[in-house]
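Quick caveat, the model's predicted, so the values are computed rather than measured. Convention: sequence-line order gives letters A, B, ...; per-chain numbering from 1.
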Amino acid sequence: MKKSYLLIVLSFLLAFVLFSMSGMAQEPIKIGAVNPLGDITGRQSTNAMELAVAEINEAGGLLGRPVELIVVDSEFRPEKGAAAIEKLATVDEVDFFVGGMSSGVHLAQIPSLKKYKKVTVWAGAASHKAEEAIGADADWYFHLHPWDYQQGASYGVGWNAIVKENPEIDIARVFLAYEEGAFGSDSYKAYAAMAEQASEGKGAFAGVMEEFKGASFKSAAMGGGDYRAMLQQAKEYNPDLFIWAGYDADAIPMLGQAREIGFEPNLYVGAPPGWPANFGRNPLSDKVILYGMWAPALNEVSDVAKHFWDAYVEMHDEEPATYFAPLGYTNIKFLAKGIEKAGTLEKEAVISALKSTKYVSPLGSTLEISPSNIIQNQGFTRQKILQYQDGKQHVIWPFEFATTEIEYPFSW
Amino acid sequence: MNKKAILIILTALAVVLPFFTGAYVLSIFISIFVFLSLSLSWDMMLRTGQLSFGTAGFFGIGAYASALAVANLGLNPILSIILGGLFSAIIAFALGFVVLRLREIYFAITTLALTHVFSVIIRNLSDITGGASGTILPNAIFNGDPKLIYWAILLITFMVIGISEMFKRTKIRFAINSIRNDETTAKSSGIDVFKYLLLVFVITSAIQGVIGAFYAQQFAFVNPESTFSLNFLLLPIAMALVGGIYTTSGPIIGALILGLISEYLKLLIPYGHLVVYGVIIVLVVLFLPEGIFKSVKKLFASKDNVGSDINAQS
Amino acid sequence: MPSLETKNVVKKFGGLVATNDLSFSVDNGEILGIIGPNGAGKTTIINLIAGTLPVTSGKIIFSGEDVTNFAAHERNQKGISRTFQTVRPLDDLTAIENIMIGALFGQKMGLKDAREVAKEICKLIGFNNFDRSIDQLTVLELKKIELGRALASDPDLLFLDELMAGLNMEETYELIDVIRKLQKRDLAICVVEHIMKVVKELTSRVIVLDQGQIIAKGPYEEVSQQKNVIAAYLGEDE
Amino acid sequence: MSLTKKQYIMLFLLALIILIIALWQPHALIYGIQRGSLYALIALPLALVLGILGVLNLAHGEFLTVGLYLSYMLYERFNLDPLLSIIPVVIILSLIGAGIYLLTIKHVLKDGHLNQLLLTFGVSLILIEIINIIWTSRPRNVFTSYSYSSMSIGNFSFGTYEFLYFFMAIAVLILLQLFLKKTRLGQATFAVGQNPRGAKIVGINVSYVYLFVFTLAVAILGLVGAVMLPRTAIFPAVGSPFSLKSFALAAMAGLGNMNGILIAGIGLGIGEAVIKSIPGAGGWADIVFFGVLIAVIIARSYREGN
């Protein structure tokens, strides 16, 4: 037993040596990506990045050089995510950082990112805490995902537009159910602030939201999964619009528990980052409204979206499950377009090129850079309002990408 | 003598490592030292016979004490690391009077429950702590300079190793071994069992607090989810057990081996490396039940007197 | 002044009375035997006096001081020491280190002094394998370690709980000689024993316990003739 | 069974508290009973393994996860209703449990608690990651027409399916106790739990009893998994939090006290539900669970200490 153990150790060492020697290549442009590969979001985002890189290389690369994507797993652990940045910067000597998912991991990466100040195009992490940590000076930092407060505001804009089109819809009373972690409580803070503004006739929700209330719940993803006490409070409040900010695992049980206690708001909205597999197949899903960046239905109205979908399915033999797939694709394509435009890898040039780059993305909107509350280079600022109809996600707002009209009111 | 020379060489190597390697390797070792210190501190408590599941909890409150002192009071980050340790020590001292009455699984589950209580309190006191989204700091300690950060954690780790050795070389060793073996005999030999339990509980909690504070300053943020993560409980335990408990060398070896393996596996097998990690842990328990350190020691010892091997019972 | 005096000591476990109204005393330089059938409460008495169990009521006076509410380790530091029936030495310490424990904590000594004290004691009890590991020792040697640990805290009052159990005649007499030597040092010693030969050889006086009560007192020769004592021992066989 | 005066007072107080809650927060009472029963149902097999084998199984929740996924797989592949899948799930999961026991846990029974802890930690890592590789981290659900059925009293509606947890918890509890008292194997199990060495001496095949108990515990988790499936989203880490909760309940009830687990489970369930029902206080619900746990354990230590 002892001998075989030594053998195992030795073979590990040998493998380590071989592995470290194999890292030689010519001179590609190196993009370093950090994603949680054990999670579907990170895995598919990585897949989509690989697709984008493959397309770029097929078309002759960038500035005449091939592009190499080097991916390191963050494991959803802050210290691992930070170490990944260090590895990409010092061992692989990448030219650019891309990646996403989890504000907790991203916060731990920010000190390292600030140290290297390489051009960074980050897809995920929506917490305004990350924006605070990055700070106003970081001109090399580009952030694609709308910040938490931007998401909230964009729904206000959306509902205003929808109510204008459909006067029978009323969203005077809003109830927000939020998971008690960072994602949920940040959403709550953002809503509470917007409700405050709306009561003074200001902000995105002015004119539509008159009253607001919230209650927290423990997400099934964190070991909870019993929403009834929260739903009971919602039912007593009797809102026109009920919205929950939680995770995909909460979607169906919460719907079912709402039905069994007889809670039937006119608008039942969910704002998780992703939805469970086959949610649409569940009869409870009909007329559920969702907030998001993307839906497969965009294939009907956007050529880029259609192209992305088909190419992804062809390359990876699976369907993109969440918006992190098209977002990962966008992440690479946008960066590549900026580099192309700059015509060089020189940092200042790439930064100013990216600032003025416009990219028609598979997410159904054009990506362009503008300042947000703190940082200079924010990408998307708006989310979309979608609705499950006949088991499919449809875009109902913004109207230019709408695949159908809203069905109202929600009923069991 | 030979052993001493090896130790000096290893120490010197650890100190000069930053001159020969880059930020990535340093960041791996920084993280290994963090877990190594936690692992040793957990083992020190275990030497009294008390299985603590509170490692993550004291790590977390140390981290929060330090981060909040820097963010709200403008305390110097280095001082705040000491403060983190002090704060954890004070909480441990206060709780110790009640918690240290408990034994075995009751002590274990209570310390684990305390971890959750800490994190719920911190999550709900959002005015002070930033709530679920946490608190960020303007800057990482030493401006994020990996060399300085490395030397800082190395210094802390040496201190923790020193404390662990102190536990091995002084009276304390006799007290805690005695308590672990049989409390009644310990008491009847004049050992103030509670006093020693409290001493060890406070010291190990202080270490955990210091490490938590360091971690918070290294990454310049705290939030309940990351800071009270059960990783800070389970990984140190796994490291100590894989390396070998009741020793100083065991947790060190365990932390180095598991820390390096986990990082290496991740690069080798991007998808599903945790399965292999789990398999390694299971294999170690099955085939090296006393941990790597003691097993290797035995392997060398058995060369001297072959045949005196005691057959393991099947 | 007697070394130890107990006054009306009562111990109840729930509704069960383990010892009832115990009053006795031991003088310095005296060896008292505590005998009685199984379950009579002999070990309970040691636990009560050494402080590992709290009394329900009554008083324990040691060297003129009321120690009833003292913790076990404090009583040890004051000078009450005991051996245990089942010897449980620390197997990660060497023989002499096991003995040192008593000096380290009972006398609050430093490591060096404690080692010296332990060596002295080893001489006294006739133990030479200082640095052997525990699992290499004979039964007699283990008993000596146990006795040595108890002695290392420099007690004025020493309880020996069935120290001779499991030893052969030769070994038993070796330990009896050791205990006699101790007596000369003016220690008060209480011997709990099943082996009547030992009691007869060693003690000047015995108390006989049955169901937690003292049923007889006096020199062993006298007491062993008393009817109630014989009945108590006979009752054990029923 | 005769009760002491103290116990009567305790029971009376308990009844009073429940009555007050029923009047003040009727839904909290119902949800508390339902959820608390589920906690207890999952904690019972953990306590069984802890009590008889002395193993604290950190992979406990993962066996539940495997049970949920097995039931899900049968639903997806063969369109088998989760409640009908109980039998195949229990059988398959028992085999998996027995296999894992024979391969791993059996070999560390003599190694002390800590190695068992580490081993089951490794097993739980492996199980979670294998599930993640097969099914990804995406949550999955099944739809059944009955799982969200409800009852209304006036304006007050509540779900009825989860009462199944309550009845099952009682049934499992009774069956376990009948088994321990009335069957030969059960008596042997009880004897092993009391004193394994003694049991061996009187001729009980201890290693067989261990295998049986572990398999039985895993089988119960299969049963719970199949019954839970219609009401939960499943994902690789779905069962993990239950290991902790189960451990908490077992410790709160005290080792070997199975009735106590059900009482503790329901008590904590109601406590949680009441806190959650108070507007603005939902975030503190976990404090109830862990606070009461700590309080009970410490109070008991004082009682036993005196």
Side-chain angles (χ1 to χ4, degrees), chain B residues 43-44 46-49 97 100-101 103 164-200 244-250 290-291 293-294 297-298 301-302 304-305 308-313, chain C residues 43 46-47 49-53 70-94 96-115 118 134-136 145-146 148-155 158-159 161:
Chain B
D43 185 69
M44 281 182 232
L46 188 72
R47 291 177 207 165
T48 67
F97 283 88
L100 290 171
R101 296 177 53 90
R103 293 294 177 270
S164 169
E165 278 301 292
M166 191 188 86
F167 276 25
K168 288 257 123 188
R169 286 157 199 262
T170 62
K171 257 177 103 154
I172 299 174
R173 168 184 179 218
F174 292 81
I176 59 185
N177 282 13
S178 189
I179 294 169
R180 181 175 79 230
N181 270 270
D182 185 355
E183 271 187 47
T184 317
T185 313
K187 281 181 196 163
S188 300
S189 309
I191 297 170
D192 186 344
V193 172
F194 176 75
K195 188 184 95 183
Y196 278 99
L197 286 181
L198 189 65
L199 175 80
V200 179
I245 50 175
Y246 304 149
T247 59
T248 304
S249 311
E290 288 186 66
F293 176 60
K294 281 181 192 160
K297 219 172 156 186
K298 266 194 186 161
S302 66
D304 301 338
N305 47 3
S308 78
D309 248 6
I310 301 158
N311 287 325
Q313 290 190 331
Chain C
T43 300
I46 302 185
N47 285 333
I49 296 169
T52 34
L53 282 178
F70 283 29
H73 67 271
E74 289 170 326
R75 296 192 204 186
N76 178 265
Q77 289 164 4
K78 292 258 171 211
I80 303 178
S81 213
R82 67 178 289 189
T83 66
F84 285 86
Q85 208 170 331
T86 40
V87 182
R88 273 169 288 192
L90 308 186
D91 56 11
D92 47 358
L93 299 185
T94 61
I96 195 161
E97 284 174 332
N98 266 282
I99 295 177
M100 281 165 65
I101 289 178
L104 285 170
F105 302 99
Q107 297 197 62
K108 300 187 177 175
M109 279 183 171
L111 285 175
K112 258 190 189 158
D113 295 342
R115 189 171 283 273
I134 289 298
D135 46 13
Q136 294 171 331
I145 297 280
E146 179 68 4
R149 185 190 50 73
L151 284 174
S153 56
D154 192 25
L158 177 64
F159 284 93
D161 196 353

If you round to the nearest 0.5 Å, how far is CD1 of B:Ile176 from CG of C:Leu90? 11.5 Å
Nearest heavy-atom pair of B:Gly190 and C:His73: which atoms, and what distance? C-CB, 3.5 Å
Determine whether B:Ile191 and C:Ile101 make a side-chain contact, defined as any pair of heavy atoms from C-beta on separated by less than 4.5 Å. yes
Greatest number of heavy atom pairs closer than 4.5 Å to chain B - which of C:Gln107, C:Arg75, C:Met109: C:Met109
Pick from B:Val193, B:Asn177, B:Thr170: which one has the most heavy-atom pairs with chain C under 4.5 Å? B:Asn177
Atom NZ of C:Lys78 with >12 non-hydrogen neighbours under 6.0 angstrom: no
Within-4.5 Å side-chain heavy-atom neighbours: B:Ser178 and C:Phe105: no
Is B:Ala186 close to chain C through its backbone or its side chain, or both, or neither, when contacts mean heavy atoms under 4.5 Å? neither
Is chain B contacted by the side chain of C:Met100, its backbone, both, or neither, given a heavy-atom distance below 4.5 Å? side chain
Would you mind telling me which of B:Asp182, B:Asn181, B:Asp192 has the largest number of heavy-atom pairs within less than 4.5 Å of chain C? B:Asp192
Sort and list the pairs that fulfil salt bridge (charged side-chain N to carboxylate O under 4.0 Å, His left out) and have at least one residue in residues 167-181 of chain B, not counting sequence neighbours. B:Glu165-B:Arg169, B:Arg173-C:Glu97, B:Arg180-C:Asp92
For the NZ atom of B:Lys187 and the CZ atom of C:Arg82, what is their distance to the nearest 0.5 Å? 11.0 Å
Counting C-beta onward and ignoring hydrogens, is there a side-chain heavy-atom pair between C:Leu111 and B:Phe174 closer than 4.5 Å? yes
